[in-house]
Each structure stands twice: as C-alpha cells, then as structure tokens.
Amino acid sequence: MLIKIPTAFYEDYVDRGLVAPAIVKETKRHIWIDADSPYLSEFLDDAKHYAGSAISVSDFPELFGIKTSAKATIIAFMSAPSRCGGQCNLRRTT
C-alpha cells in the first residue's frame, strides 16, 4: 500500500543521510511511499521527533517548514492506520 506524504520532510530526512522508504510516485509537493517499507518505523520516529515540542521554531525558525511537513507526515499516517504495516501507533502532536 502507498501513503501520500509531503515532500519537504522526506527530502530533509534523506539529505541528512538517513535511509528512507522508497518513493513510488512523486509530484512537486507530495510523494507516495510504500507503507510496508522496512525503513518506515525509523522514518516515522524521526517525523514524530521533529513534529513534537522538542524542537522549537522560536529557537530555530529555519525549521518551521520541516516541522510543519513532519506534522503533516504524521497526520497522513494517522489517517490511514490500516495501511501503515502496523507501525502507525502515533499520537497527534501539537
């Protein structure tokens, strides 16, 4: 199954040298990744870290877009729990 997520967080994740789920389909603003990827769990953990309160955009305003994209990534997975390979036990972050 495929999950549609925003491009910004995914690109930041890969730019940091981390192995991400493979892109199956891509547009300028979104990508679709395989929900059964063995790399999904670490990817979601990192998105949860960025989306959470541990990173303050007051202290790091340049991360506003990445933080927003990470939140949208988490919401995308929460919206499709049956398609997340059982790895979508995530709570909404504010």
Side-chain angles (χ1 to χ4, degrees):
M1 293 286 177
L2 302 180
I3 302 293
K4 179 183 170 184
I5 63 172
T7 302
F9 175 74
Y10 185 92
E11 287 179 349
D12 176 75
Y13 187 83
V14 171
D15 287 347
R16 289 184 280 132
L18 302 169
V19 181
I23 296 173
V24 178
K25 180 180 173 182
E26 184 174 12
T27 66
K28 187 175 182 178
R29 299 186 73 189
H30 293 94
I31 59 169
W32 285 257
I33 59 174
D34 182 1
D36 296 320
S37 171
Y39 305 110
L40 183 63
S41 182
E42 288 181 37
F43 179 76
L44 291 176
D45 285 345
D46 198 60
K48 188 174 179 182
H49 171 73
Y50 269 78
S53 60
I55 297 175
S56 168
V57 293
S58 298
D59 296 332
F60 303 100
E62 69 277 7
L63 294 180
F64 177 78
I66 301 302
K67 186 172 175 102
T68 302
S69 183
K71 285 181 181 182
T73 296
I74 297 300
I75 290 168
F77 281 94
M78 289 176 63
S79 298
S82 64
R83 298 194 281 171
C84 297
Q87 300 180 52
C88 291
N89 272 341
L90 302 170
R91 292 194 171 97
R92 186 174 294 242
T93 57
T94 55

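Heads up: numbering here begins at 1 and tracks the sequence.
Under a hydrophobic clustering in which Ile, Leu, Val, Met, Phe, Trp and Tyr are joined whenever their side-chain heavy atoms come within less than 4.5 Å, directly or via other members, Phe64 and Ile66 fall into different clusters.
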Name each donor-acceptor pair under 3.5 Å that joins a side chain in residues 3-11 to protein atoms two or more places apart or in another chain, with its distance.
| residue | atom | partner | partner atom | Å |
| --- | --- | --- | --- | --- |
| Thr7 | OG1 | Arg29 | O | 3.1 |
| Thr7 | OG1 | His30 | N | 3.1 |
| Tyr10 | OH | Pro21 | O | 2.5 |

Would you give me the side-chain donor-acceptor pairs under 3.5 Å for residues 56-63, sequence neighbours excluded?
| residue | atom | partner | partner atom | Å |
| --- | --- | --- | --- | --- |
| Ser56 | OG | Ser58 | N | 3.1 |
| Ser56 | OG | Asp59 | N | 3.4 |

When you look at Phe43 and Val19, which way does the side-chain contact (heavy atoms from CB on, under 4.5 Å) test go after all the steps? CA-CA 8 Å; Phe43 179 76; Val19 181; over 6 Å; no

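Judged by distance alone, with hydrogens and angles left aside, the side-chain atoms of Lys71 form no donor-acceptor pair with the main-chain N or O of Lys48 at under 3.5 Å. At least one donor-acceptor pair closer than 3.5 Å links the side chain of Thr73 to the backbone N or O of Ser69.
Listed here is the closest heavy atom pair of Val24 and Asp34: CG2-N, 4.1 Å. Here the closest non-hydrogen pair linking Ile74 and Ala51 is CG1-CB, 4.4 Å. For the pair Ile31 and Glu26, the tightest heavy-atom approach, listed with the atom from each and the gap, is CG2-CG, 3.7 Å.
Phe77 contributes atom CZ, which lies 3.5 Å from atom CD1 of Ile33 (distance to the nearest 0.5 angstrom).
Applying the side chain to side chain donor-acceptor pair (under 3.5 Å) definition to pairs two or more places apart or across chains, those involving residues 13-25 are Asp12-Arg16, Arg16-Asp46.
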